[in-house]
Amino acid sequence: MKNFFSLSNLEKEYGSIRDLSKKILSGDIRTLSRCITLSESSREDHQFFSRSVLEKVLPMTGKSLRIGISGPPGVGKSTFIETFGTFLVDKGKKIAVLAVDPSSSKSGGSILGDKTRMERLSQSDSAFIRPSPAGETLGGVSRHTREALLLCEASGYDTIIVETVGVGQSEATVSNMIDIFILLISPGGGDELQGIKRGIVELADLIIVNKADGLLRSEAENIAREYNSAVKLLRPKINKWNTRVVTCSALENKGIEEIWSITEEFFKKFDQESDLSAHRKEQFQKWLREEITQNLNKQIYSDKKINDLITIYEKKVLIGEVLPSAAAYEIVKNFLKK
Ligand SMILES: Nc1nc2c(ncn2[C@@H]2O[C@H](COP(=O)(O)OP(=O)(O)O)[C@@H](O)[C@H]2O)c(=O)[nH]1
Ligand SMILES: [Mg+2]
């Protein structure tokens with residue numbers, strides 16, 4: 001790739017790309033964190049720099065189980081990841097948790113709360129927990145998270161958990177970077193079937209009704225039954241895989257074993273019947289296309305002259321003089337001429 005930035009200053013500050021990539025491969029956590037931070041930076045030279053490191057280690061990526069976990073706030077995602085993650089660490093796995101929270105810039109983030117709810121996991125040497133900051137766009141979040149995911153894989157993490165707040169569009173984006181999509185729901189939150197967006201339910205390979213303990217237990221089991229009949233109507237995403245529904249208690253550590261065995265079963269099936277690597281190639285293709293669109297968008301809107309032109313056309317559109325489609329055509333034509 002042609003080098004548009006002077007990287008020598010960055011190499012002086014952070015180390016050479018060669019060294020950094022070696023450290024990533026050796027599992028050095030400080031370097032991993034630093035490279036993720038650089039890829040999240042709004043500075044293009046930082047992004048370019050971290051991409052250069054990532055490109056060097058790219059052949060060592062793609063070997064983890066990528067698990068997406070989603071669900072409305074308060075459903076118990078962080079608690080579940082603590083329990084499930086600790087269970088996996090005890091099995092000898094290395095876990096990276098990437099939390100995507102597009103709302104975190106407004107709320108100040110749930111990061112502090114998460115750290116305390118993932119206390120055991122965050123203290124483990126075999127776990128790496130990293131919240132993704134809110135990008136200005138979902139596209140930003142998705143690129144950060146994808147790059148962080150690949151960097152973690154290169155660092156030797158064999159299980160990557162990507163957590164999203166199940167409130168919107170971010171699920172579809174995240175489902176395009178993971179292998180298995182797990183949806184958490186819980187009783188008592190008023191999230192009956194209609195409360196959770198249908199689209200999210202359709203993405204789920206596994207639905208977990210959490211908080212199946214104490215007084216909530218029978219309600220949790222009822223909800224699981226409801227979902228079980230509802231998902232039968234959904235088309236299986238991959239060959240012969242029907243969305244499964246189970247109950248668990250993240251707090252009391254119940255049902256975790258079964259969830260792991262379903263996950264393993266899923267990966268086995270996936271690998272045999274749909275070929276995991278083909279799936280990942282497809283994801284890379286989509287990523288490329290997404291990036292092209294976002295890059296173009298960014299370039300158009302950051303061009304002063306084109307922005308002036310947009311303002312002019314906007315006025316014309318608003319008084320009904322020009323059709324939006326015709327205006328867009330002219331604006332893009334002008335942009336391409338430059
Ligand atoms: N009874 C019960 N409460 C739970 C369970 N899992 C989480 N919680 C509680 O639900 C609340 C929200 O949990 P949290 O993990 O922060 O949810 P998140 O917003 O989805 O990450 C906390 O008060 C947890 O203690 C569970 O399995 N059973
Ligand atoms: Mg949380």
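First listed ligand is number 1; within each ligand, the first listed atom is number 1. As a basis for the values below, the full set of heavy atoms in this structure was taken, side chains included, without hydrogen atoms, waters or symmetry mates.
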(request) Pick, from Ala220, Ser78, Gly74, the option with the minimum heavy-atom distance to atom 21 (O) of ligand 1. (result) Ser78
(request) Consider ligand 1: state whether an atom of it lies below 4.0 angstrom from any non-hydrogen atom of Gly214. (result) no
(message) If I apply the N/O under 3.5 Å rule, does Glu163 come out as touching ligand 1?
(response) no
(message) Please classify the Leu251 to ligand 1 contact at 4.0 Å (heavy-atom distances, strictly less than): side chain, backbone, both or neither.
(response) both
(message) Does this structure show an ion pair linking Glu153 with Arg66, if we count only N-O contacts that are shorter than 4.0 Å?
(response) yes
(request) Under 4.0 Å from a heavy atom of Lys77: give me the atoms of ligand 1 that qualify, with their elements. (result) 15 (O), 17 (O), 18 (P), 19 (O), 20 (O), 21 (O)
(message) I'd like to know whether ligand 1 has Pro73 as a neighbour, heavy-atom separation below 4.0 Å.
(response) yes
(message) Would Ala212 count as being in polar contact with ligand 1, using the rule that some N or O on each side must be under 3.5 angstrom apart?
(response) no
(request) Any chance you could measure Tyr14, atom OH, to Ser50, atom OG, to the nearest 0.5 Å? (result) 10.5 Å
(request) Select one of side chain, backbone, both or neither to describe which atoms of Asp213 lie under 4.0 Å from any atom of ligand 1, heavy atoms only. (result) side chain
(message) I'd like to check Ile259 versus Leu206 (side-chain heavy atoms, cut-off strictly below 4.5 Å). Are they in contact?
(response) yes
(request) Before signing off on this row, confirm whether Thr79 and ligand 1 have an N or O atom pair separated by under 3.5 Å. (result) yes
(request) Could you tell me whether some N/O pair between Cys248 and ligand 1 is separated by less than 3.5 angstrom? (result) no
(message) I'd like to check the side chain to side chain contact (heavy atoms under 4.5 Å, CB included) partners of Asn176; sequence neighbours left out, ordered by chain and number.
(response) Arg146, Gln283, Lys286, Glu290
(request) Please determine if Arg280 and Asp179 form a salt bridge, counting it only when a charged side-chain N lies under 4.0 Å from a carboxylate O. (result) yes
(request) Report yes or no: do Ile310 and Ile312 belong to one cluster of Ile/Leu/Val/Met/Phe/Trp/Tyr joined by side chain heavy-atom distances under 4.5 Å? (result) no
(request) Work out which heavy atom in Cys152 is nearest to a heavy atom in Ile160; give both atom names and the distance. (result) CB-CD1, 3.7 Å
(message) Any nitrogen or oxygen of Leu216 lying under 3.5 Å from a nitrogen or oxygen in ligand 1? Just yes or no.
(response) no
(message) Any N/O/S atom, side chain or main chain, of Ser78 closer to the Mg ion (ligand 2) than 2.8 Å?
(response) yes
(message) Do Arg225 and Asn228 pair up side chain to side chain, a donor and an acceptor below 3.5 Å, judged on atom types alone?
(response) no
